[in-house]
Amino acid sequence: MTQTTAQATESLEYRTEVRQLLDILAHSLYTEREIFLRELISNSSDALNRIQFEMLTNADVVDHDAELAIALRFDKEAKTLTISDSGVGMNREELVQNLGTIAHSGARNFLAGAKEKGAALDEVIGQFGVGFYSVFMVAQEVTVTSRSYRPEDQAWAWRSTGESSYELLPADKSSRGTEILIKLKEDADEFAGGWRLEQIVKKHSDYVSFPIYLVEEEEKEGEEEEKRRVINRRVALWRQPAQGVEAEQYNEFYKQLTFDAEDPQLHIHLITDAPVNLRTLLFVPSRRDRGHLSARSEYGLRLYSRKILIQNHNKDLLPEYFRFVEGVVDSEDLPLNVSREMVQSNPNLRQIRRALSNRIIRELKTLAENDTEKYNRLWQEFGVFIKEGVASDPSSQDSLVELLRFHSSKSAPEAWVTLSQYVERMAGEQEQIYYVLGQDVKSVAHSPHLDYFRANDIEVLYLVDPIDGYMTAMLREFKGKKLQNVDDAGLKLPEKEAETKGETVPQPDFDALVGRVKGVLGERISDVRESRQLVNNPCRLVSPENEFDRDLQRIRRLMEQDYQTPVKILELNRSHPLVRNLSGLVQNDRDNRLIDATIEQLFANALLVEGIHPNPVEMVERMQMLMEAALPAA
Ligand code: ADP
Ligand code: MG
């Protein structure tokens, strides 16, 4: 290196968060270090996509006619590996911005995960793209030399050993694109080998759409000769006729597209020419949360037009509630020379959206019919999104409701019931579909609201997702049957009295008890009255009749920090032993301290089963007092 270049070398400090990340990566014992290559190739592929897109509208770029490709070179003796591409390249500012700070959200999530106690680093590295910096798992030193596509820019080199700083220096590179020279660590020399590189590319980058060349030096009759061959499959799988594609190819393609380690649960390969041209491959992942944090930093489908990538995460191709779907959409009916923003306002987009969305619904229905077990697994992970769709998309509600699954008072705890099954099982005189809202299946199964329904053998659906209240607010009926919350104070039930056990508290005594309860609970309830439905439980809370947003209260409590659940009506079971004894005590020993404590605790219990107790710990002291009173003296 000449004296002048050395003088032009500048040393810059990394931002703190980069230093932290590098420190973790350099010392990680991650066994699949090979993913660094996936990250670098994916960056090259992004850079190539970007230049391809740029050239649609701009002819004034460096090396306009250069082949869009990636090349891998290695030197066994020097223990080096080089990855180069003819992508957009970077100028000095871009090198500093992109490689000196963490812009990459995967890496930021990774850092958060690493700090989180107990997160298994190994898994976190594999499941996020940690991005460019993952190269320091295998590199002693990295030199990135880049020439931007803009004619006025100059080539620069960026060099770092992965410690606290990096160097910048002017470079001598006339061809467009980026070259990354890696001096491998002593224990990472396996990556300076053709066979190993080819193996890694096949595993992680086979479907990258640009050719990846492996360039090897060969000696031929005493002469050094360069041999280049393409080592990736490079097929646009979504454009292949579905008959020719093996199940395993779909799985591999999915994993390389998403970096997910698990196979997808479902793939949808859709090829049509009318009403719009579409070449599409969609996937439902196996799990909603991959790894410790949700690995997907951004949702959206990859959008191509005529095999040119227009957008990595397009959010307009599907309704928002289908954001768990991954995949690729390629349509020749979307004009190429448009800005990404203009894609949104394209009329064909609406048609594509409808076609994709209908197809997903149809595939889910078919799966539900043909393979209940598999569908239920999918429902377990992604059912909340379907519910969101029912709540937010009136135009698809009719078809989405058929995909809904519920637990119920008449099925085994893990079993799922459809609305159609519920309706088929309804007895002749039953006119409504009953549901109870609650925290989870276990607690809702103990809900006092179910007393009447159990006694009369009427099925009640358990709605235990936070989003359920939102859904029922929008879904009023199914096949002409109204959906009815069982906690409604004005509930009109078939004229079957709940069977009563033993005596009931006489009216004057009951009135006195009601007065006492009102006095103790005050503003915390809106009324106290007798229940006609309770059998096994002493009391329950019901919502004032037709209270406007009562199904939404649950979700609002989760989302709004200082949301106060509106006060409810307390109903008492006049024939329950606890209520009878309490009433007796009010008559005969009105100053007994157990009275108010019992009233408080009954109210607390009712809040608990509703899943709306603001502070359960508050009960401890009172419970201990009541237990003390209940135990015989020693
Ligand atoms: P991400 O790819 O998710 O943005 P990375 O850490 O992998 O995060 O890369 C950081 C940034 O560095 C990229 O966004 C890109 O701007 C730039 N970059 C990395 N490699 C290349 C390359 N080969 N050509 C052009 N730019 C690159
Ligand atoms: Mg990247």
#### Entry: Residue list, ring-ring contact (aromatic ring centres under 6.0 Å, His included) with Y375, at least two apart or on another chain
none
### Backbone N/O of K374 and side chain of D371: donor-acceptor pair under 3.5 Å
yes
### Message
Using the salt bridge (charged side-chain N to carboxylate O under 4.0 Å, His left out) definition, which of the options R233, K203, R229 pairs with E198?
### Response
R229
### Message
If the condition is ring-ring contact (aromatic ring centres under 6.0 Å, His included), which residues does H204 pass it with, not counting sequence neighbours?
### Response
none
### Task
Quick one: list whatever passes salt bridge (charged side-chain N to carboxylate O under 4.0 Å, His left out) with E402, sequence neighbours left out.
none
### Query
Are H267 and F253 close enough that their ring centers fall under 6.0 Å?
no
### Query
Within a reach of under 6.0 Å around CG of D172, are more than 12 heavy atoms found that belong to other residues, nucleotides or ligands?
no
Which atom pairs, donor and acceptor, lie under 3.5 Å between side-chain atoms of residues 81-92 and protein residues at least two apart or in another chain?
residue : atom : partner : partner atom : Å
D85     : OD1  : G87     : N            : 2.8
D85     : OD1  : T178    : N            : 3.4
D85     : OD2  : S44     : OG           : 2.8
S86     : OG   : E67     : O            : 2.6
S86     : OG   : A69     : N            : 3.2
N91     : OD1  : E93     : N            : 3.2
N91     : OD1  : E94     : N            : 2.9
N91     : ND2  : D153    : OD2          : 3.2
R92     : NH2  : E10     : OE1          : 2.9
R92     : NH2  : E10     : OE2          : 2.7

### Task
Give every residue pair that meets the salt bridge (charged side-chain N to carboxylate O under 4.0 Å, His left out) criterion with at least one member in residues 266-275, sequence neighbours excluded.
D273-R279
### Query
Does S396 have any side-chain hydrogen bond (donor to acceptor under 3.5 Å, both in side chains) partners at least two apart in sequence or in another chain, and if so, which?
D393
### Summary
By salt bridge (charged side-chain N to carboxylate O under 4.0 Å, His left out), K185 pairs with (sequence neighbours left out) none
### Query
Looking at Y14, F132, W156, Y133, which one forms a ring-ring contact (aromatic ring centres under 6.0 Å, His included) with Y166?
Y14
### Pair W238, D330: side-chain N/O donor-acceptor within cut-off below 3.5 Å
yes
### Task
Please say whether more than 12 non-hydrogen atoms of neighbouring residues, nucleotides or ligands are located less than 6.0 Å from CD in E226.
yes
### Message
With a sphere of 6.0 Å drawn around CZ of R239, does it hold more than 12 non-hydrogen atoms of other residues, nucleotides or ligands?
### Response
yes
### Task
Give a yes or no on this: more than 12 heavy atoms of other residues, nucleotides or ligands lie within 6.0 Å of atom CD of E152.
yes
#### Entry: Pairwise salt bridge (charged side-chain N to carboxylate O under 4.0 Å, His left out) hits with a residue in residues 353-362, at least two apart
R359-E363
### Task
Could I get the full list of side-chain hydrogen bond (donor to acceptor under 3.5 Å, both in side chains) partners for R33, not counting sequence neighbours?
D187
### Task
Write out all pairs satisfying ring-ring contact (aromatic ring centres under 6.0 Å, His included) with one or both partners inside residues 380-403, taking only residues at least two apart or from two chains.
F324-F382, F324-F385
### Task
Determine whether more than 12 heavy atoms belonging to other residues, nucleotides or ligands lie under 6.0 Å from atom NZ of K202.
yes
### Summary
Taken in chain and number order and not counting sequence neighbours, the residues that satisfy side-chain hydrogen bond (donor to acceptor under 3.5 Å, both in side chains) with K315 are E298
### Task
Go through the structure and list residues passing side-chain hydrogen bond (donor to acceptor under 3.5 Å, both in side chains) with E216, not counting sequence neighbours.
none
